[in-house]
Engineer: 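Supplied in structure tokens, the structure appears directly below.
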Amino acid sequence: MGDPFFQNVMPEFVAELTTAEQEVEEEVVTEGSDESLMKLLSMPYATLSERLKQAALDLKETAVIETWRVTGQHVQDFTLYSGTLGTAFLLFKAYQLTNNKNDLNLCSEIVRACDSASLRSRDVTFLCGRASVCALGAFAAKHTGDDQMLNYYLTQFKEIKLHKDLSSELLYGRAGFLWACLFLNKHIGEGTISSSYIGALLNEIVEDGRILGVSGRCPLMFEWYGEQYWGAGHLLAGIMHVLMHVKLKPEEVEEVKGTLKYMIKNRLSSGYYPSSEENCERDVLVHWCHGAPGLVLTLIKAAEVFGDKEFLEAAVHAANVVWNRGLLKRVGICHGISGNAYVFLSLYRLTGNVEFLYKAKAFACFMLDRAHKLISEGQMHGGDNGYSLFEGIGGMAYLFLDMIEPTGARFPAYEL
């Protein structure tokens, strides 16, 4: 069985040509070749941005056709993660960049269909549950100026019930619902979801973590289906990331910091982070959902919130793993090259270091240059849901749109 990633032979840094230098260097090269990739890497950023924008808008149209038009506007999977709502989220992203009202209106139309499809769902989170339908619906209604629909979605959101056996993780649990509350407060207005309600959710998550946590070792620990996972998608890193968006009590601050320091201390010598306590010696995954990429984003948040140099150093250390082994043979956000590029965008946003922006650009250029060819040849997996936001080309389109204004880039449904 071969490696799950392509060998990264791209230079550590390539200086951009000026527009005049590019005109002198202009020549036709074979797409998907080393020459074509190097041409993209050295291209002036403004020129590259236009290439990425056009590619993103083309991919967006393909996602719309395959997830909405071809299905006869019938929603089978409503989720943002793998389903039709992810297309609506991508459309809204495109609208924010281009101000194309057609994208905004289609986004609203898809959300309405997902609203009907999600009414009986017991899943409550932003990524995989009804909360995202209501939250994105409210966000889109605010931009269309439809106060009636805005009030409808907010009312529906507040009627979501959290069942007693709900886990605390991001994909399916309390942290994922808490993130949706924070999304509404950021985009609709502070206090949309009350501080008392958010505080109660926070307390439930922290109390859950204390049950398995060990004071002086790892203060907070969580379990999902019998395993104590470390990842962003499932459990530890993702929960810590969400908690750092909420005002914490002094003892909670120390518990979050202590948990992150436990993970740093127990990373593998290779720089990898294990997927779980049970797999503490496995040197395999470089995914957002399980592995170093998700940890980098969480550690960057910790560096922002707490100001500890240790967290930034650990983030940079883990980012080296992503650079060396993060060109995965998948395109998606969750466990693919698109998601891994956000490691470098986040480090660039925090530090202003253009070498991190270059590495994000390198991952994006790799896909721009050869993803379609590699997928068609069977060398790259197009995703179990090939047009979706988190598993397929929808994620690649979202990354390309974020590359156009990199200081504002945020990993979708994770970084606020």
Side-chain angles (χ1 to χ4, degrees), residues 125-127 166-183 198-199 201-224 227-267 272-277 280 285 287-315 317-319 339 342-343 346-347 350 410-411 413-416:
T125 65
F126 195 85
L127 280 169
L166 194 65
S167 71
S168 288
E169 52 140 26
L170 184 74
L171 273 174
Y172 297 106
R174 289 187 188 90
F177 184 74
L178 175 56
W179 196 93
C181 295
L182 299 170
F183 176 91
I198 287 175
L201 268 175
L202 169 66
N203 290 338
E204 289 178 1
I205 295 170
V206 172
E207 287 300 324
D208 186 25
R210 286 170 178 164
I211 293 171
L212 293 174
V214 179
S215 180
R217 183 170 176 264
C218 187
L220 302 173
M221 182 58 70
F222 302 85
E223 189 172 84
W224 191 67
E227 286 208 53
Q228 296 174 355
Y229 290 107
W230 278 32
H234 291 300
L235 294 184
L236 208 51
I239 295 170
M240 295 305 103
H241 189 268
V242 177
L243 293 184
M244 287 185 288
H245 289 81
V246 183
K247 184 173 178 57
L248 301 171
K249 300 171 186 174
E251 64 270 23
E252 293 166 345
V253 168
E254 293 308 312
E255 287 171 319
V256 170
K257 290 169 70 173
T259 299
L260 293 174
K261 289 180 179 182
Y262 167 80
M263 299 172 81
I264 294 169
K265 181 180 178 181
N266 290 280
R267 66 191 174 197
Y272 275 72
Y273 282 80
S275 61
S276 69
E277 291 282 291
C280 59
L285 302 178
H287 302 166
W288 167 77
C289 50
H290 294 293
L295 263 295
V296 173
L297 300 179
T298 297
L299 291 168
I300 289 170
K301 184 64 181 177
E304 290 175 335
V305 172
F306 303 131
D308 288 24
K309 187 178 179 182
E310 177 183 358
F311 294 130
L312 177 57
E313 290 175 345
H317 185 270
Y342 279 93
V343 162
S346 294
L347 280 169
L350 180 64
R410 299 289 188 279
F411 190 105
Y414 194 62
E415 294 184 296
L416 271 170

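Only heavy atoms go into these numbers, but all of them, side chains included; no hydrogens, no water, no symmetry mates.
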Engineer: Measure the shortest side-chain to side-chain distance between Leu248 and Leu202 over non-hydrogen atoms and say whether it is less than 4.5 angstrom.
Structural biologist: yes
Engineer: Starting from the C-alpha separation in whole Å, work towards a yes-or-no answer on side-chain contact (heavy atoms from CB on, under 4.5 Å) for Leu171 and Trp224.
Structural biologist: CA-CA 11 Å; Leu171 273 174; Trp224 191 67; over 6 Å; no
Engineer: Could you measure the distance from the CE atom of Met221 to the CD1 atom of Ile239? Nearest 0.5 Å is fine.
Structural biologist: 10.0 Å
Engineer: Please verify the inter-ring angle class for His234 with Tyr229; under 30° counts as parallel, over 60° as perpendicular, anything in between as tilted.
Structural biologist: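 If you compare the ring of His234 with that of Tyr229, the planes turn out tilted.
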Engineer: Under 4.5 Å between any side-chain heavy atoms of Phe411 and Ser346, yes or no?
Structural biologist: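 Of all side-chain heavy-atom pairs linking Ser346 with Phe411, none is under 4.5 Å.
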Engineer: Any side-chain to backbone donor/acceptor pair from Arg174 onto Leu201? Under 3.5 Å, distance only.
Structural biologist: no
Engineer: Would you say Leu182 and Val242 make side-chain contact, with heavy atoms under 4.5 Å?
Structural biologist: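 A side-chain contact under 4.5 Å exists here.
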Engineer: A side-chain contact here means heavy atoms from C-beta on lying under 4.5 Å apart; do Val296 and Tyr342 qualify?
Structural biologist: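 SC-SC contact between Val296 and Tyr342 ruled out.
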Engineer: For the side chain of Trp288 and the backbone of Gly233, is there at least one donor-acceptor N/O pair under 3.5 Å apart?
Structural biologist: no
Engineer: To the nearest 0.5 angstrom, please state how far the CE atom of Met240 sits from the CD atom of Glu255.
Structural biologist: 9.0 Å
Engineer: Applying side-chain contact (heavy atoms from CB on, under 4.5 Å), name anything that partners Glu313, two or more places apart in sequence or on another chain.
Structural biologist: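 Residues passing side-chain contact (heavy atoms from CB on, under 4.5 Å) with Glu313: Lys309.
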Engineer: Under the side-chain contact (heavy atoms from CB on, under 4.5 Å) rule, what do Leu127 and Tyr414 come out as? Steps first, then yes or no, please.
Structural biologist: CA-CA 9 Å; Leu127 280 169; Tyr414 194 62; over 6 Å; no
Engineer: Enter the distance from Leu170:CG to Phe126:CZ here, rounded to the nearest 0.5 Å.
Structural biologist: 10.5 Å
Engineer: Side chains of Thr298 and Met244: does their closest heavy-atom pair fall under 4.5 Å?
Structural biologist: yes
Engineer: Kindly determine whether Phe311 and Lys261 satisfy side-chain contact (heavy atoms from CB on, under 4.5 Å), including the steps that lead there.
Structural biologist: CA-CA 8 Å; Phe311 294 130; Lys261 289 180 179 182; 4.0 Å; yes
Engineer: Can you see which heavy atom on Pro219 is nearest to which on Gly258, and at what distance?
Structural biologist: CD-C, 3.6 Å
Engineer: So do Leu166 and Phe177 actually touch side chain to side chain, heavy atoms under 4.5 Å?
Structural biologist: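 No; the side chains remain at least 4.5 Å from each other.
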Engineer: Please list, chain by chain and in numerical order, all residues satisfying salt bridge (Lys or Arg N to Asp or Glu O under 4.0 Å) with Arg267, sequence neighbours excluded.
Structural biologist: none
Engineer: Taking side chain as C-beta onward, heavy atoms only, is Phe222 less than 4.5 Å from Asp208?
Structural biologist: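 Yes. Closest side-chain heavy atoms under 4.5 Å.
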Engineer: Does OH belonging to Tyr172 count more than 12 external heavy atoms closer than 6.0 Å?
Structural biologist: no
Engineer: Enter the distance from Cys218:SG to Leu236:CG here, rounded to the nearest 0.5 Å.
Structural biologist: 5.5 Å
Engineer: Nearest 0.5 Å please: distance from the NZ atom of Lys301 over to the NE2 atom of His245.
Structural biologist: 3.5 Å
Engineer: Test of understanding: with side-chain hydrogen bond (donor to acceptor under 3.5 Å, both in side chains), list the residues that count as partners of Gln228, not counting sequence neighbours.
Structural biologist: none
Engineer: What pairs with Asn203 under side-chain contact (heavy atoms from CB on, under 4.5 Å), at least two apart in sequence or on another chain?
Structural biologist: Lys249, Glu252
Engineer: Provide the closest heavy-atom pair for Gly294 versus Ala232 in the form atom of the first, atom of the second, distance.
Structural biologist: CA-CB, 3.8 Å
Engineer: For Glu254, give me all partners under side-chain hydrogen bond (donor to acceptor under 3.5 Å, both in side chains), at least two apart in sequence or on another chain.
Structural biologist: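 Partners of Glu254 under the side-chain hydrogen bond (donor to acceptor under 3.5 Å, both in side chains) test: none.
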Engineer: Atom CD in Glu227, atom CG in Leu235: separation rounded to 0.5 Å?
Structural biologist: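 Going from CD on Glu227 over to CG on Leu235, the span is 9.5 Å.
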Engineer: Please list, chain by chain and in numerical order, all residues satisfying side-chain hydrogen bond (donor to acceptor under 3.5 Å, both in side chains) with His241, sequence neighbours excluded.
Structural biologist: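 side-chain hydrogen bond (donor to acceptor under 3.5 Å, both in side chains) check on His241 returns nothing, list empty.
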Engineer: Treating Ser275 as the side-chain partner and His290 as the backbone partner, does any N or O pair qualify as donor plus acceptor under 3.5 Å?
Structural biologist: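 Here the side-chain-to-backbone pair does not exist.
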